[in-house]
Each structure stands twice: as C-alpha cells, then as structure tokens.
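As the structure is a computational prediction, the values presented were derived from the model and not from experiment. In each ligand, atom 1 is the first atom listed, and ligand 1 is the first ligand listed.
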Amino acid sequence: MSERCKIALLGPGAIGTTVAAVLHEAGRTPLLCGRTAHAQLTLRHDAGEISVPGPVLHDASHVTQRCDLLFVAVKTTQVEDSAAWLATLCDEKTVVCALQNGVEQQSQLAPYVNGATVLPSVVWFPAQREPDASVWLRAQPRLTLPDVPQAARVVDALRDTRCEVALAADFLSIAWRKLLQNAAAGLMVLANRRAGMFSRGDITQLGLAYLQECLTVARAAGAVLDDSVPQEIIDGFHRAPPDLSTSILADRQANRPLEWDTRNGVVQRYGRQHTIATPISDVVVPLLAAGSEGPG
Ligand SMILES: NC(=O)C1=CN([C@@H]2O[C@H](COP(=O)(O)OP(=O)(O)OC[C@H]3O[C@@H](n4cnc5c(N)ncnc54)[C@H](OP(=O)(O)O)[C@@H]3O)[C@@H](O)[C@H]2O)C=CC1
Ligand SMILES: CC(C)(CO)C(=O)C(=O)O
C-alpha cells in the first residue's frame, strides 16, 4: 500500500464539486473519485468561478492509497455502488465525513468503510448541477458537524475556506431539523414544481400539517425542537427564490432513483417504531417510492 493521501472526495456532483472547489482554493485539492471521468470540475458562485483540475478518477482498482479524510458526497442511494471506492480509500485511521441528507449516515456507511469513523454532517446549502456538469452554488456553503474529537480533521481541512463549519453539541436535533426541511421539499417532487409552489395557501397548509407530523416523530426520536419549527421551515420556502429546486426534484426530473427513504420514508419508519400515526407520510412515501422505482 503506497503513501496515504490527506483528503479525498467521493462523488463530485453538486455538493462534492462545491467542497472540492473550496478545498482547492485553499491549496488543499482532494483526490477526486467518481463514477464519470471529468477532466476538471467547475463551480459557479456569486462572485465568479472556481476550476478544480482533474482528473476525476473513475476506477477504484487504479487507486492504492488510503486517505486520512474522505468526504462522501454520493447520494444515499449510491452508497452500495460506491463500495469499491470506500473499501479502497478507508481504513480504521480514516475519518469519513458524510455530506449527505438524512439522519442515518453512520449506519448507512459503516458497513463499507473498513472500521473508519463515520462523521455525519448537515449540509445547509443548495447547489445545482447544470447540463454541462458544472455546478451552480446558490448560497454560502455551510456545514454543521457533531462536536466530537474526529470533527477536528474536517474543521482543519475547511479552515479559511468559503465553507463555514459549525460544531453542535446536540447534533441529533439539528440533523432532524434539516430532515424536516428535506421532507417538506419532497412535496415539490409530487407537484413537479420548485420552491415557488409554497406561495400557494393550500401547499402552505399541507406543508405545515406534514411538518407537524414529522416534528412529532423527530421528538420521539430524541430531537429537541420548538413548536415554531414547522412555520420557520415554511417561511424559509416563502423567502426562497421561486426557481430554487431541491436535489430530490432534480433527480425526479432526470428520472434517476430518489432518496425517498432517507428523506421521507424515515419519518414513516420511525413513526411506526414509536407507534405514532403518520397519515400524511402514508400518502407521500408510496408516491415518492413509486416515482423512484416504478413499475409503470
Ligand atoms: N444538491 C444539493 O443542493 C444538496 C444535496 N444534499 C445531499 O448531498 C448528497 C449529494 O447530493 P448531490 O451533490 O446533489 O448529488 P449529485 O447527484 O449531484 O452527485 C452525486 C455524485 O456522486 C457520483 N456517483 C454516483 N455513483 C457513484 C459511484 N458508484 N461511485 C462514485 N461516484 C458516484 C455521481 O457521478 P455522476 O456524475 O456519474 O452522476 C455524482 O458526481 C445527497 O445526499 C443530497 O441529498 C444536501 C444538501 C443540498
Ligand atoms: C436544497 C436543500 C438544502 C434543502 O432542500 C437540500 O438539502 C437539497 O436540495 O437536497
């Protein structure tokens, strides 16, 4: 096994390109690992563009290095297919920072990472992959991590970059807060519309009722969240640019598999575990699952 690499990034899509670009700007270009070969990555932001020189490696069997820090930004539906990369890049000394939505990153990645520490994160910023594979960053990049010793490796890597990192003592509650936002964003898939649809009174009411259901489940799972959270999330959609999309809608519109279980099914599953009725999830989840997988 050859020398270790300091930082690698798996999944150079919308979020992965953003993190690779901010690392590159700070002189810490990661080893780029993906599924599709690209000569370079391009991130477009408010003030200009960042190009990250490639190549994006696309065959794990050509790589022999383990890494100290691995950012994983494949979709949660793509983890199993990424197994060869995870096995190649990780050992028990690696910290794997999951740049993924959901509240289950640790259990989803642990089977694949050779005993590495999996650090979940909350990714707050929207980024959009364009048809030419460049990425449009639509807000200030910002992550929240659990306040544990292994987070220092991510904090150091992202120090003095465009990406803010916050550490949270009560990470679980913050992760569920973000999950609620993602669950409500799933309604955009069913309407095939972007954030502007929340300006409708009927969608606002549906969103609030769904978020109330999600909040009850989140609290049963241990999250400490105020009664005001559903309204705050809806207010966020009202303030968003009407054309702001969400990654699950981008996947639906491209006819790719959806992270329906990670973002919406999870509320129904935890609801069942805690014997909480989830009537709205019981409608939303099968429709998202069928949209993702068919048949038909
Ligand atoms: N986009 C956003 O605004 C946000 C997304 N998130 C979350 O971040 C995570 C990543 O999402 P996002 O960046 O949008 O996803 P993308 O679909 O844009 O990127 C996924 C990347 O992973 C690559 N990939 C897929 N399969 C494999 C594989 N088997 N081996 C190696 N690479 C692979 C894809 O390659 P290819 O180019 O071939 O498709 C692509 O580069 C998700 O969990 C999402 O929910 C969180 C907050 C915001
Ligand atoms: C845009 C954002 C931040 C909220 O829905 C997101 O998490 C996503 O698109 O997956």
Side-chain angles (χ1 to χ4, degrees), residues 8-21 31-38 41-43 52 54 56-61 63 70-89 97-105 108-109 112 120-144 163 175 177-189 194-195 198 207 233-234 236-237 239-241 243-264 266:
L9 179 128
L10 175 60
I15 297 303
T17 293
T18 305
V19 169
L31 184 75
L32 301 173
C33 308
R35 178 172 62 180
T36 306
H38 294 285
L41 301 176
T42 305
L43 181 74
V52 186
V56 173
L57 306 174
H58 57 97
D59 185 346
S61 69
V63 174
L70 174 63
F71 288 102
V72 174
V74 298
K75 291 261 164 51
T76 54
T77 49
Q78 297 165 332
V79 168
E80 209 178 318
D81 286 348
S82 310
W85 276 120
L86 294 167
T88 298
L89 293 167
C97 178
L99 301 172
Q100 294 175 316
N101 274 317
V103 291
E104 298 167 307
Q105 295 102 325
Q108 284 164 345
L109 285 165
Y112 300 98
S121 76
V122 174
V123 180
W124 293 106
F125 55 94
Q128 211 166 290
R129 208 148 45 138
E130 305 288 79
D132 65 355
S134 70
V135 171
W136 180 20
L137 175 62
R138 300 200 58 175
Q140 159 78 33
R142 192 161 69 86
L143 302 177
T144 301
C163 183
R177 169 77 169 67
K178 174 72 198 297
L179 185 88
L180 262 59
Q181 183 184 333
N182 285 139
L187 298 176
M188 293 193 226
V189 172
R194 297 182 178 205
F198 284 92
I233 290 173
I234 292 294
F237 284 120
R239 280 194 307 270
D243 73 334
L244 187 71
S245 190
T246 172
S247 55
I248 194 169
L249 177 59
D251 282 338
R252 182 67 204 98
Q253 290 176 335
N255 214 15
R256 293 187 290 252
L258 306 181
E259 290 179 304
W260 62 269
D261 187 48
T262 306
R263 299 170 50 131
N264 298 87
V266 60

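Nearest to atom 1 (C) of ligand 2 among the protein's heavy atoms is Pro126 CB, 3.8 Å. Of all protein heavy atoms, the one lying nearest to atom 6 (C) of ligand 2 is Asn182 ND2, 3.5 Å. At the top of the distance list for atom 10 (O) of ligand 2, counting protein heavy atoms only, stands Ser247 OG, 2.6 Å. Residue, atom and distance of the protein heavy atom nearest to atom 4 (C) of ligand 2 are Gln181 NE2, 3.4 Å.
Side chains of Val135 and Thr18 form a contact here, defined as non-hydrogen atoms less than 4.5 Å apart. Looking only at side-chain heavy atoms (C-beta outward), Thr262 and Gln108 come within less than 4.5 Å of each other.
Nearest heavy atoms, Arg256 versus Ala250: NH2-O, 3.7 Å.
Residue contact check for ligand 2: Arg263 places a non-hydrogen atom closer than 4.0 Å to it.
A donor-acceptor pair is defined here as one N or O able to donate and one able to accept, closer than 3.5 Å; such a pair exists between the side chain of Thr17 and the backbone of Pro12. Not one N or O on the side chain of Gln128 forms a donor-acceptor pair closer than 3.5 Å with the backbone of Ala14.
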Just list the side-chain donor-acceptor pairs under 3.5 Å for residues 77-85, sequence neighbours left out, or say none.
unit_1, atom_1, unit_2, atom_2, d
Gln78, OE1, Lys75, N, 2.7
Ser82, OG, Gln78, O, 2.7
Trp85, NE1, Gly34, O, 3.2

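Partners of Thr42 under the side-chain contact (heavy atoms from CB on, under 4.5 Å) rule, at least two apart in sequence or in another chain, are Gln40, Glu49, Ser51, Ser134. Residues forming a side chain to side chain donor-acceptor pair (under 3.5 Å) with Thr36 (at least two apart in sequence, or on another chain): none.
Within the listing of ligand 2, atoms 6 (C), 7 (O), 8 (C), 10 (O) sit less than 4.0 angstrom from a heavy atom of Asn101. Distances below 4.0 Å separate heavy atoms of Lys178 from the following atoms of ligand 2: 3 (C), 6 (C), 7 (O).
Looking at Ile248 against ligand 2, nothing comes within 4.0 Å, counting heavy atoms.
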> So Leu57 and Leu31, side chain to side chain contact (heavy atoms under 4.5 Å, CB included) or not? Walk me through it.
Replying inline: CA-CA 8 Å; Leu57 306 174; Leu31 184 75; 3.7 Å; yes
> Does the side-chain hydrogen bond (donor to acceptor under 3.5 Å, both in side chains) test come out yes or no for Gln100 and Thr76, once each step is laid out?
Replying inline: CA-CA 7 Å; Gln100 294 175 316; Thr76 54; 5.8 Å; no
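Taking only nitrogen or oxygen atoms, main chain and side chain alike, Ser245 does not reach within less than 3.5 Å of ligand 2. Not a single N or O atom of Trp124, backbone or side chain, sits closer than 3.5 Å to an N or O atom of ligand 2.
Within 4.0 Å of ligand 1, the residues that place a heavy atom are Leu10, Gly11, Pro12, Gly13, Ala14, Ile15, Gly34, Arg35, Thr36, Ala73, Val74, Lys75, Gln78, Asp81, Ser82, Trp85, Leu99, Gln100, Asn101, Val123, Phe125, Pro126, Ala127, Arg129, Lys178, Ser247, Glu259, Arg263, listed by chain and number.
Rounding to the nearest 0.5 Å places SG of Cys97 at 9.0 Å from CG of Leu70.
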